[in-house]
Number of protein chains: 2
Amino acid sequence: MLNNYSSADKVLLAVDCIIFGFDNAGLKILLIQRDFEPEKGKWSLIGGFLKRDEVLDAAATRILNTYTGLNDIYMEQLYAYSEIDRDPVERTISVSYFALINIENHNAELIQNYHAEWFPINEAPNLIFDHNEMVQNAIKRLRYKTSVKPIGFELLPEKFTMRQLLELYEAILSKELDKRNFISKINSLEILNKLDEKDMQSSRKGSYLYTFNKEKYEEKLLNDFVLNL
Amino acid sequence: MLNNYSSADKVLLAVDCIIFGFDNAGLKILLIQRDFEPEKGKWSLIGGFLKRDEVLDAAATRILNTYTGLNDIYMEQLYAYSEIDRDPVERTISVSYFALINIENHNAELIQNYHAEWFPINEAPNLIFDHNEMVQNAIKRLRYKTSVKPIGFELLPEKFTMRQLLELYEAILSKELDKRNFISKINSLEILNKLDEKDMQSSRKGSYLYTFNKEKYEEKLLNDFVLNL
DNA sequence: TTTATTAATGTAGTTTTTACACTTACATTA
DNA sequence: TAATGTAAGTGTAAAAACTACATTAATAAA
């Protein structure tokens, strides 16, 4: 009964990446304008095909690197999309991945070369294929993640203020949070280092800068917790 | 640049199903003894290949039906496994699905014909390929699901006692739950109908039977909630 | 030195969660 | 038919978590 294998259909397997970034203006996703058919010129997630000798995680990493120049980015597999005609050219199953990156750190040139652009999540253009759905599901997953894992290290600059962290969470959850309650909940996680340094951009008084305590942060990544914001 | 497609590698895409069932003895998974190479005779999840004109959900449903005769079973996609040599015969990416079924309702004959067997989750044999990992991840997902969606309708007989429901949750979470607190939390969901009928098997006094209120149950399935057990 | 602006900080009231033990109903047996 | 044994059923008080909320502090600019 070896023909279980030989009689089976082969398909193309793609990877599409939902890349989240954050800056003063809020939560954004990285999109490209396709430079090949079909749907040339339309906006799309960055993506590519899985190679024969490559695991999915590696494909996602390679694709991210191709378009942004970034390495060592945390990515997470989300879901396999398999509607028959989702790609009009050929039957293609696509596995979505999401990544969190610091907008300031990305290689702007590469993004330029690929006609890539950051869009606020609420102002993103209509996307090809089922990419809109992929984005919506990724946002859901990102929201969920805030409640069980620490988030921020990936999206914020190395030194950041409490307000920036608060605004990041507000952008992800798309709701207002009480500042004092937020601070005490975050502090209870014990993943921040408060520096002696202040950021003077935002006010006369200046606000303390923080860094993530990398060891504690990664310790928390290993075990789920519950964070009600 | 149409050769984006033509130059891409095609692969086999499989679906493997983690099928959970529950009876007096606890939480179980359905496994089969493979009747084809490789690994003929070893225990495995039930699975099969995706067909060219089939979406993944349909493949999962078809495979479940083939081995159990069951239809209309809730299934959920979990994860795509893509290690290069996970299947020694040929490069195969497998998408796992999990299903919850009522052991009493399955078609025993079909299971017999396919050398399938229910195993308590803690006493399952070693499985082929990466199927052990798939099972472990499915258990994690099932645990998570208890905290955001109602579970039970799929796994319990139509009429059941509070104790059965409690034991189901204890089996899934693999921890003891306080009986009174459990009952009041479940009652607060308002998804149960208390019948006038009693089950006299378990005690002299007899314990009330319940059914799920199908409308309210499915309403709750649409929206997440938080259930701390 | 006054003013304007954002940062920083604590608590009381409410809600939720937890821990916990006795009584009830009934079949069985003496 | 009375006594016994077994699991079912039920409520509360204490602790913990969460929410809402307003004043003072630090500093640069005028």
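In what follows, every chain begins at residue 1, and chains take the letters A, B, ... in the order their sequences are listed.
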Open item on the list: Taking ring-ring contact (aromatic ring centres under 6.0 Å, His included) as the cut-off, I'd like each qualifying pair that reaches into residues 175-211 of chain B, sequence neighbours left out, listed once.
Closed with: Tyr169(B)-Phe182(B)
Open item on the list: Does this structure show an ion pair linking Lys145(B) with Glu76(B), if we count only N-O contacts that are shorter than 4.0 Å?
Closed with: yes
Task: Rounded distance in Å - CG (Asp199(A)) to P (dT6(C)) - done: 13 Å
- [ ] With side chain to side chain contact (heavy atoms under 4.5 Å, CB included) as the test, would you mind laying out the steps for Thr61(B) and Ile73(B) before giving the verdict?
- [x] CA-CA 8 Å; Thr61(B) 303; Ile73(B) 297 299; over 6 Å; no
- [ ] Whole angstrom is fine here: how far is it from CD in Gln201(A) over to C1' in dT6(C)?
- [x] 14 Å
Task: First of Arg204(B) and Gly206(A) reached from the 5' end of DNA chain D, by closest nucleotide - done: Arg204(B)
TODO: Would you kindly give the CG-to-C1' distance between Leu165(A) and dA8(C), to the nearest whole Å?
DONE: 16 Å
Task: For atom CD1 of Ile183(A) and atom C1' of dT19(D), their distance in whole Å - done: 16 Å
TODO: Using both distances under 3.5 Å as the test, list the Watson-Crick or G-U wobble partner of dT29(C), or none.
DONE: dA2(D)
TODO: Identify whether the distance between the nearest side-chain nitrogen and carboxylate oxygen of Lys42(B) and Glu39(B) falls below 4.0 Å.
DONE: yes
Open item on the list: So that I know where these two stand, are Tyr81(B) and Tyr79(B) an aromatic pair - ring centroids less than 6.0 Å apart?
Closed with: yes
- [ ] Could I get the full list of side-chain hydrogen bond (donor to acceptor under 3.5 Å, both in side chains) partners for Glu154(A), not counting sequence neighbours?
- [x] Tyr217(A)
Open item on the list: If the threshold is 4.0 Å, N to carboxylate O, is there a salt bridge linking Glu170(B) and Lys175(B)?
Closed with: no
Task: Check: dT24(C) base within 3.5 Å donor-acceptor of Lys205(B) side chain - done: yes
Task: Proximity to DNA chain D (any heavy atom under 4.0 Å), residues of residues 170-181 of chain B only - done: Lys179(B), Arg180(B)
TODO: Provide, to the nearest angstrom, the distance between the NZ atom belonging to Lys194(B) and the C1' atom belonging to dA8(D).
DONE: 10 Å
TODO: Whole angstrom is fine here: how far is it from CE in Met200(B) over to C1' in dA7(D)?
DONE: 11 Å
Task: Spacing between Arg163(A) atom CZ and dT5(C) atom C1', to the nearest angstrom - done: 11 Å
- [ ] May I have the distance from Asn228(B) (atom CG) to dT16(C) (atom P), rounded to whole angstrom?
- [x] 12 Å
